[in-house]
Amino acid sequence: MTKEISKTYSPQSIEDKWYSYWLSNKYFHATPDEREPYSIVIPPPNVTGVLHMGHMLNNTIQDVLTRRARMQGKNACWVPGTDHASIATEAKVVQMLRERGIKKSDLSREDFLKYAWEWKEKYGGIILEQLKKLGASCDWDRTRFTMEPSLSEAVIDVFIDLYNKGLIYRELRMVNWDPIGKTALSDEEVIFKDVNSKLYYIKYNLTENSKNEIRNSKKDGNSNLDIRISDFVVIATTRPETILADAAICVNPNDDRFKHLIGKKALVPFINREIEIIADEYVAMDFGTGCLKVTPAHDKNDYDLGKKHGLEVIDILTEEGFLNEKAQDERYIGKDRFAVRKQITIDLEEAGFIEKIEEYKNQVGTSERTGAVIEPRLTLQWWVDMKKFLAKNPQVLDAVMNDEIKFHPANMKNTYKHWIDNIKDWCISRQLWWGQQIPAWFVPNGEFVVAKTAEQAMINFNAKYSNFEFSISDLKQDEDVLDTWFSSWLWPISVFDGFKEEGKEDIKYFYPTNDLVTAPEIMFFWVARMIMAGYEWMGQKPFSNVYYTGIVRDKQRRKMSKSLGNSPDPLDLIAQYGADGVRMGMLICSPAGNDILFDESQVEQGRNFANKIWNAFRLVKGLTIKPDTDFAADLLASNKISQQWFEARFNIALAEIEEKCKDYKLSEALMMIYKLIWDDYCAWYLEMIKPVYGEALNQSTYDQTVVFFEKLMLVLHPFMPFITEEIWQEITERKEGGSICVAAYPNVETYNYKSLQNTFETISKIRELRNSKGISPKEAFEIVIKTNQTELYEPYQFLIKKLANVSSIQFNKDAPNYVSLSVSTDQVFVKLNIEIDAVAEAEKIYKEIEYLIGFMASVDVKLSNEKFVANAKPELVEKERQKKEDALAKIEVLKQSLAGL
RNA sequence: GGAGGCAUAGCUCAGCUGGUUCAGAGCAUCUGCCUUACAAGCAGAGGGUCACAGGUUCGAAUCCUGUUGCCUCCACCA
């Protein structure tokens with residue numbers, strides 16, 4: 001009867017088999033029906049991306065949630081897909097072309113896009129294929145792509161809609177410019193990094209006129225302070241190359257040191273442009289020299305200052321961050337800004353313009369995607385008016401604050417609120433080609449309309465201008481594309497075709513989705529904006545729960561990244577430990593919102609767990625079964641007791657597991673399942689019912705054991721889908737097909753719990769004794785139990801005998817020369833065949849009595865404290881009294897055994 | 001500069017509205033075992049002034065205040 005089953009679990013052979021089985025049976029495919037819907041939309045990974053550990057964590061969590069919902073009878077739908085990731089993908093395509101010797105600038109838009117699509121077709125599916133390896137139960141028939149025609153159409157429609165509602169405008173403003181990507185970025189796409197830089201103190205000579213004026217006023221006694229007359233002013237800057245774009249110098253009007261300079265003129269070094277010294281309270285008197293150089297073209301604050309004071313904007317940089325001819329100085333024109341910074345420093349120093357250079361720590365904005373240092377740049381861009389948008393949709397904030405949309409962990413609400421309260425307009429245009437082209441149409445005189453097609457644009461133009469003179473061939477569509485997030489924010493709607501006129505069944509049924517699992521760093525990019533889009537176009541929230549995962553870090557708390565080389569390849573891990581092992585390794589220590597410190601030993605633990613389950617399966621499968629009628633009544637009764645115990649344990653644990661899952665505490669739930677299977681089922685239950693070697697097990701116990709096993713597999717399945725499917729199929733001997741992934745999840749049932757606490761403790765204590773005395777497990781003991789609660793032991797004697805190798809148990813008898821063990825409030829005496837040291841035994845008992853006396857004293861302190869008795873809950877006081885009684889009883893038993901020695 | 005969070009065993013974390021399921025779990029460590037399911041295992045053991053200092057209370061890991069250290073987000077004075 002014993003089947004040949006491999007001694008260790010080998011996931012490799014099993015995982016592919018079951019995954020294709022699931023797919024071919026369409027278990028993950030969902031269409032609307034009468035069941036309660038459950039839906040998740042995947043945070044679409046970049047189309048050219050490769051699976052990393054962050055994805056693993058994220059998608060494992062989504063899969064657990066989805067599989068649980070599916071088993072709980074809901075119509076579960078997890079929609080997968082990818083994001084066109086305009087800047088990231090375009091950068092990769094440009095890079096690929098460069099390697100092939102092709103420059104983007106040599107290509108037409110059409111040709112470039114052809115290459116980009118080719119690239120997408122080639123690499124676009126990789127990450128989704130990798131997710132399958134992980135076991136992700138996505139509805140692959142619903143796979144979407146943010147740039148597929150229908151989703152792009154939705155994006156364009158939404159743009160037009162917003163424009164018509166007056167929520168989108170076009171304006172010349174200072175934006176974050178990425179000189180590598182050669183595009184504008186939104187504020188969210190800029191990452192500030194600490195850098196060690198330098199603060200350069202540069203002298204600007206005053207003009208001769210100004211010098212004279214100052215001298216004269218000094219002579220006339222008009223100067224109100226005794227200041228040294230200098231022929232120059234000193235400014236402090238971290239960017240000396242931008243002096244060539246200076247439009248003014250600014251001081252604080254309250255700064256007595258510089259009052260005499262206001263209105264005077266200084267000369268920009270080298271190019272000798274005359275700039276005025278102006279006054280504004282914006283300037284901090286205690287920073288640098290108190291004199292600020294104003295460069296409106298290359299600094300946001302300077303731009304605002306320049307606007308206020310009517311200063312000229314002198315843009316000396318190209319879109320790639322090179323100096324242009326406006327820089328005037330031949331030495332620097334055509335060179336990179338950083339190269340110029342170095343060179344001009346040397347030149348200034350040589351020419352005597354540098355007063356000093358200090359080490360300085362500051363933060364520099366970089367592009368999230370290309371890593372380029374951001375350049376503030378004045379350009380014409382498209383914007384979404386966020387203040388107006390939010391005024392129209394107050395639920396965007398309210399729904400989160402009143403938990404209609406629940407954040408896990410909840411403290412993320414604060415961050416969300418702060419961002420919403422301080423929201424700035426969203427720059428949505430990008431100077432890229434890969435993406436949805438902005439549906440604005442221009443005519444040669446610069447006028448434009450927003451329209452879906454050129455034909456529609458003509459109609460709009462004619463409506464707008466009575467004497468519109470251009471023809472359709474004169475129209476030129478805006479060159480720019482939209483920010484990727486301008487399509488992602490529609491994701492929960494667009495994947496269900498919510499913007500289409502036809503086919504509303506899906507969106508009606510699956511929207512709003514239930515859970516969103518994502519990283520906290522894209523709360524603003526994505527989560528917040530999806531909420532906005534949800535209310536604007538669906539009039540409803542997009543999801544009910546947002547689970548923020550942590551960042552996956554290594555043991556040294558460093559973020560896992562390719563560049564650091566500290567991130568294992570997820571697929572290698574899966575190949576080595578199995579997908580189930582990796583999933584467990586990821587989840588076992590990843591509380592919501594906290595970073596997870598990933599270590600391969602956790603994956604090893606996962607693999608070991610799978611192996612443990614596998615071997616429990618081998619045991620159960622290998623049992624010889626005989627009908628109940630072949631067994632003695634007392635053995636059947638004993639097995640019944642074991643079953644009852646486990647049944648109770650299972651239901652208690654299941655209730656707790658469900659509690660944890662409800663709170664999204666998945667790692668805690670998994671830990672409970674782990675202990676339930678390993679400790680309760682394997683270490684205790686299976687040992688309890690396991691027949692002695694060579695004997696058979698009775699049928700009814702076997703059946704129940706299989707039922708338990710099946711239930712355990714059901715509960716574990718969302719976490720470890722592959723091994724549970726394999727075992728479920730085998731153990732339940734399913735011949736007709738079916739799958740655990742659509743099997744019904746167990747409910748908590750009523751149970752009859754009888755505590756085996758004392759029995760288990762007795763067993764452990766005897767084992768410990770054996771261990772400490774170095775006695776073989778094969779040597780059986782005779783024991784005597786002294787207790788006034790024999791009912792706690794008597795029915796379970798068979799367990800003590802079996803699991804602690806005890807040959808006989810007697811109650812409340814004299815036990816001379818036995819070793820005494822303390823079990824709860826009772827004493828267990830064990831007869832050893834070796835000489836026992838009576839003195840040492842007595843000492844042990846003395847110590848125990850001593851401890852109990854001390855313990856009682858502490859209880860007495862409480863009980864004699866009037867305030868305690870008066871204020872504490874009555875049951876608590878009762879508990880304390882009970883403690884005292886127990887201790888007293890125990891002391892009595894100990895005294896007796898002392899006398900017996 | 002603003003906001004939030006964290007500090008409990010060697011490591012990672014549980015400990016809800018203050019009171020024996022209050023000092024816990026898993027891993028790691030140590031000891032003894034290849035005991036016919038499993039050495040990817042079995043049976044045990046050790047290990048913590050609950051960051052520090054005050055306060056509230058009959059009673060504090062838990063509540064309050066302060067200190068120190070760390071993390072995250074936001075803002076960005078050149």
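The chains referred to below are lettered A, B, ... by the order of the sequence lines, with proteins before strands, and numbering in each begins at 1.
Note on A/Lys612: a side-chain N or O is less than 4.0 Å away from OP1 or OP2 of B/C42. A close approach under 4.0 Å does occur between a side-chain nitrogen or oxygen of A/Arg767 and OP1 or OP2 of B/G44. Contact check, A/Asn301 against B/C76: no side-chain N or O comes under 4.0 Å of OP1 or OP2. Between A/Lys300 and the phosphate of B/A78, there is no side-chain N or O to OP1/OP2 separation shorter than 4.0 Å. The phosphate of B/G26 (OP1 or OP2) has no side-chain N or O of A/Lys675 nearer than 4.0 angstrom. Look at A/Trp419 and you won't find any side-chain N or O under 4.0 angstrom from OP1 or OP2 of B/G4. Regarding contacts with the backbone of B/G15, a side-chain N or O of A/Lys665 is found under 4.0 angstrom from either OP1 or OP2. Proximity of A/Asn608 to the phosphate of B/C38: no side-chain N or O atom is located under 4.0 Å from OP1 or OP2. Contact between the side-chain N/O atoms of A/Tyr674 and the OP1/OP2 oxygens of B/G26 is not found at any separation under 4.0 Å. Taking side-chain N and O atoms only, A/Ser764 has a distance below 4.0 Å to OP1 or OP2 of B/G44. Between A/Tyr9 and B/A37, a side-chain N or O to OP1/OP2 separation shorter than 4.0 Å is absent.
Stacking of A/Arg649 on the aromatic ring of A/Trp678 is not recorded, the 6.0 Å distance cut-off and the 45° axial limit not both being met. Cation-pi geometry between A/Lys356 and A/Tyr201 is satisfied (NZ or CZ under 6.0 Å from the ring centre, within 45° of the ring normal). For A/Arg529 and A/Trp426, the positive end sits near the middle of the six-membered ring, less than 6.0 Å away and at most 45° from its axis.
Listed candidates were B/A78, B/G41, B/A37. Nearest to the side chain of A/Leu686 is B/A37. Distances were taken from every side-chain heavy atom of A/Phe868 (C-beta onward) to each of B/C58, B/G44, B/C76; the shortest belongs to B/C58. When distances run from any side-chain atom of A/Asn411 to the nucleotides B/A78, B/G4, B/A75, the shortest one goes to B/G4. Here the nucleotide nearest the side chain of A/Asn414, chosen from B/C77, B/G4, B/C74, is B/G4. Checked against B/A78, B/U72, B/A75, the side chain of A/Arg553 finds its nearest nucleotide in B/U72.
Across all strands shown, B/U49 remains unpaired; no Watson-Crick or G-U wobble contact has both distances below 3.5 Å. Of the nucleotides present, none pairs with B/U36 by Watson-Crick or G-U wobble criteria with both distances under 3.5 Å. Nucleotide B/G1: paired with B/C74 (Watson-Crick or G-U wobble, both distances less than 3.5 Å). Of the nucleotides present, B/G55 is the one that pairs with B/C63 by Watson-Crick or G-U wobble criteria, both distances under 3.5 Å. When both pairing distances are held under 3.5 Å, B/A25 makes a Watson-Crick or G-U pair with B/U12. Base pairing annotation: B/U31 forms a Watson-Crick or G-U wobble pair with B/A43, both donor-acceptor distances under 3.5 Å. With a 3.5 Å ceiling on both atom-pair distances, the Watson-Crick or G-U wobble partner of B/G69 is B/C6.
Nearest-nucleotide positions on RNA chain B for A/Thr238 and A/Leu619 put A/Leu619 closer to the 5' end.
As a whole-Å value, the separation of A/Asn611 CG from B/C42 P is 10 Å. Atom NZ in A/Lys417 sits roughly 18 Å away from atom P in B/G2 (whole-Å rounding).
Across all strands shown, A/Cys250 has no heavy atoms under 4.0 Å from either base or sugar-phosphate atoms.
Residue-to-nucleotide contacts include no donor-acceptor pair under 3.5 Å from the side chain of A/Glu687 to the base of B/A43. Checked by distance alone, A/Gln605 brings no side-chain donor or acceptor within 3.5 Å of a matching partner on the base of B/A28. Judged by distance alone, with hydrogens and angles left aside, A/Asn771 brings a side-chain donor or acceptor within reach of the base of B/A43, the pair sitting under 3.5 Å.
Around the NZ atom of A/Lys883, the shell of radius 6.0 Å holds more than 12 heavy atoms that belong to other residues, nucleotides or ligands. Within 6.0 Å of NZ in A/Lys802 there are more than 12 heavy atoms belonging to other residues, nucleotides or ligands.
B/C22 sits 15 Å from B/A9 when the C1' atoms are compared, rounded to a whole Å. Rounded to whole Å, the separation between the P atoms of B/C27 and B/C73 comes to 33 Å. Rounded to the nearest Å, the gap between the C1' atom of B/G47 and that of B/C11 is 13 Å. For the P atoms, the distance from B/A28 to B/U12 is 15 Å, rounded to whole Å.
Taking a cutoff of 4.0 Å between a charged side-chain nitrogen and a carboxylate oxygen, A/Asp194 and A/Lys361 do not qualify as a salt bridge.
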Sequence neighbours excluded and cut-off under 3.5 Å, please list the side-chain donor-acceptor pairs for residues 238-248 of chain A, or say none.
from     : atom 1 : to       : atom 2 : distance (Å)
A/Arg239 : NE     : A/Glu241 : OE2    : 3.1
A/Arg239 : NH1    : A/Glu375 : OE2    : 2.8
A/Arg239 : NH2    : A/Glu241 : OE2    : 3.2
A/Arg239 : NH2    : A/Glu375 : OE1    : 3.1
A/Arg239 : NH2    : A/Glu375 : OE2    : 3.0
A/Glu241 : OE1    : A/Arg341 : NE     : 3.0
A/Glu241 : OE2    : A/Arg341 : NE     : 3.4
A/Glu241 : OE2    : A/Arg341 : NH2    : 3.0
A/Thr242 : OG1    : A/Arg239 : O      : 2.7
A/Thr242 : OG1    : A/Lys293 : NZ     : 2.7
A/Asp246 : OD1    : A/Lys293 : NZ     : 2.8
A/Asp246 : OD1    : A/Thr295 : OG1    : 2.8
A/Asp246 : OD2    : A/Tyr204 : OH     : 2.4

